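What's counted below: heavy atoms across the whole structure, side chains too, no hydrogens, waters or symmetry copies. Treat the numbers as computed from the prediction; the structure is a model and nothing was measured.
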Amino acid sequence: MRQSLTRTARHMVAVLGALLIGAGVAAVPASAAAPARAQSVTLEQTGGLAGVQRRFTVDTSTPGARRDPLLATVARPDFLALEPSYVSGNTCCDRFVYELTVRYPDGRVKSVVTVEGGGAPALVADVIARTKALGTPHDVTPSRSLLFVERAEDAWSTPDWWIIDCPADPANTSDAACAALTARAEASLAPVPPGTACTRIWGGPQTARVLGVWRGGWVDAEFSRRGGCEIARWDGAAALLTPPPQR
């Protein structure tokens with residue numbers, strides 16, 4: 001089951017990244033000729049302990065001698081060849097999520113999503129650092145919650161999976177899963193603290209994982225029903241772990 005979760009998580013990171021980037025964005029084909037420089041670089045930084053969301057933009061109007069070298073760097077073939085997302089298998093809460101969106105004069109767009117400590121190439125970290133140094137930060141409205149949920153009934157069955165996509169304010173939707181994004185459910189995402197005394201009871205062989213962005217912060221939580229503490233976590237997040245009705 002762990003192998004299935006890890007393999008599916010890697011696949012869904014790309015899916016979540018694509019959804020976060022947004023529909024209708026034209027990707028840069030690997031075979032496309034590289035332009036001399038980009039038109040703009042936008043960095044969105046979300047998450048962390050405070051759940052911040054900030055946007056930094058560098059474009060042709062940005063002052064400073066380091067502007068043009070940055071715009072040239074993101075037009076190089078090695079940047080254009082980057083994957084759309086980089087996330088290690090050891091993702092955790094309270095990390096920053098970085099989304100780079102680069103626009104080119106011919107209308108094409110290149111986007112890269114990574115998580116702090118997610119194993120992205122040094123080039124990605126360099127572009128993030130330079131964009132933060134050159135761009136003026138602007139706080140933006142917290143983004144929507146976008147979660148991938150995978151659940152298996154036992155270690156032998158094929159897991160079910162679904163996506164929960166909610167606006168920044170869950171109160172503005174009638175969707176039952178979005179309405180379940182409560183403080184109790186959020187608290188259930190945290191693992192059981194080491195040393196916690198838990199009753200030894202068996203609640204069933206079910207396992208689940210919730211992976212994605214919760215109100216601007218990256219989350220990666222695994223669930224089971226082995227032991228009283230884990231059962232309590234499952235019950236707290238039950239609305240998230242229940243497959244949506246078939247349509």
Self-check item: Working for side chain to side chain contact (heavy atoms under 4.5 Å, CB included), residues Thr131 and Tyr98
Solution: CA-CA 11 Å; Thr131 304; Tyr98 295 105; over 6 Å; no

Practice problem: Test Asp220 against Phe148 for side chain to side chain contact (heavy atoms under 4.5 Å, CB included), laying out the working first. | Solution: CA-CA 10 Å; Asp220 185 355; Phe148 163 68; over 6 Å; no

Practice problem: Assess whether side chain to side chain contact (heavy atoms under 4.5 Å, CB included) is satisfied between Phe223 and Gln206, documenting all intermediate values. | Solution: CA-CA 8 Å; Phe223 294 85; Gln206 298 88 350; over 6 Å; no

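Residues satisfying the side chain to side chain contact (heavy atoms under 4.5 Å, CB included) criterion with Leu82, sequence neighbours excluded, are Phe79, Tyr86, Lys110, Val112, Pro121, Leu123, Val124. Every salt bridge (Lys or Arg N to Asp or Glu O under 4.0 Å) that Arg225 has, sequence neighbours left out, goes to Asp235. For Gln39, there are no side chain to side chain donor-acceptor pair (under 3.5 Å) partners, not counting sequence neighbours. Qualifying salt bridge (Lys or Arg N to Asp or Glu O under 4.0 Å) partners for Arg130, counting only residues two or more places apart in sequence or in other chains: Asp126. Evaluation of the side chain to side chain donor-acceptor pair (under 3.5 Å) rule for Ser61 yields Asp59 as partners, not counting sequence neighbours. Under the salt bridge (Lys or Arg N to Asp or Glu O under 4.0 Å) criterion, Glu83 pairs with no residue at all, not counting sequence neighbours.
Expressed to the nearest 0.5 Å, how far CD of Glu44 lies from OG1 of Thr57 amounts to 8.0 Å. In this structure, Thr242 OG1 and Trp162 CH2 are separated by 7.0 Å, a value rounded to the nearest 0.5 Å. Put simply, CD on Glu150 and CZ on Arg209 are 8.0 Å apart, with the number rounded to the nearest 0.5 Å. With rounding to the nearest 0.5 angstrom, the OG atom of Ser111 is 7.5 Å from the CZ atom of Arg103.
Residues Trp202 and Arg226 form a side-chain contact, since some pair of their non-hydrogen atoms from C-beta on lies under 4.5 Å apart. Side-chain contact between Thr114 and Ile128 is present, with at least one heavy-atom pair separated by less than 4.5 Å. No side-chain heavy atom of Cys198 sits less than 4.5 Å from a side-chain heavy atom of Glu230.
At least one donor-acceptor pair under 3.5 Å links the side chain of Arg67 to the backbone N or O of Thr62. Remark: the backbone N or O of Leu71 is not paired with any side-chain donor or acceptor of Arg37 at under 3.5 angstrom. With Arg233 contributing its side chain and Ala190 its backbone, the two residues share a donor-acceptor pair below 3.5 Å.
Between Ala38 and Val74 the shortest heavy-atom distance is CB-CG2, 3.5 Å. The two residues Ala75 and Leu80 come nearest to each other via the heavy atoms O-CD1, 3.7 Å. Cys229 and Thr196 get closest at one heavy-atom pair: SG-CG2, 3.9 Å. Contact between Trp234 and Ser224 at its shortest, heavy atoms only, is CE3-O, 3.7 Å. A pairwise comparison of heavy atoms in Ser188 and Gly236 identifies OG-CA, 3.3 Å as the closest pair.
Within a 6.0 Å radius of CH2 in Trp156, other residues, nucleotides and ligands contribute 12 heavy atoms or fewer.
Cluster membership check: Leu241 does not share its hydrophobic cluster with Ile231, using side-chain heavy-atom separations under 4.5 Å among Ile, Leu, Val, Met, Phe, Trp and Tyr. In terms of hydrophobic clustering, with Ile, Leu, Val, Met, Phe, Trp and Tyr side chains grouped at heavy-atom distances under 4.5 Å, Tyr104 and Leu43 are assigned to a common cluster.
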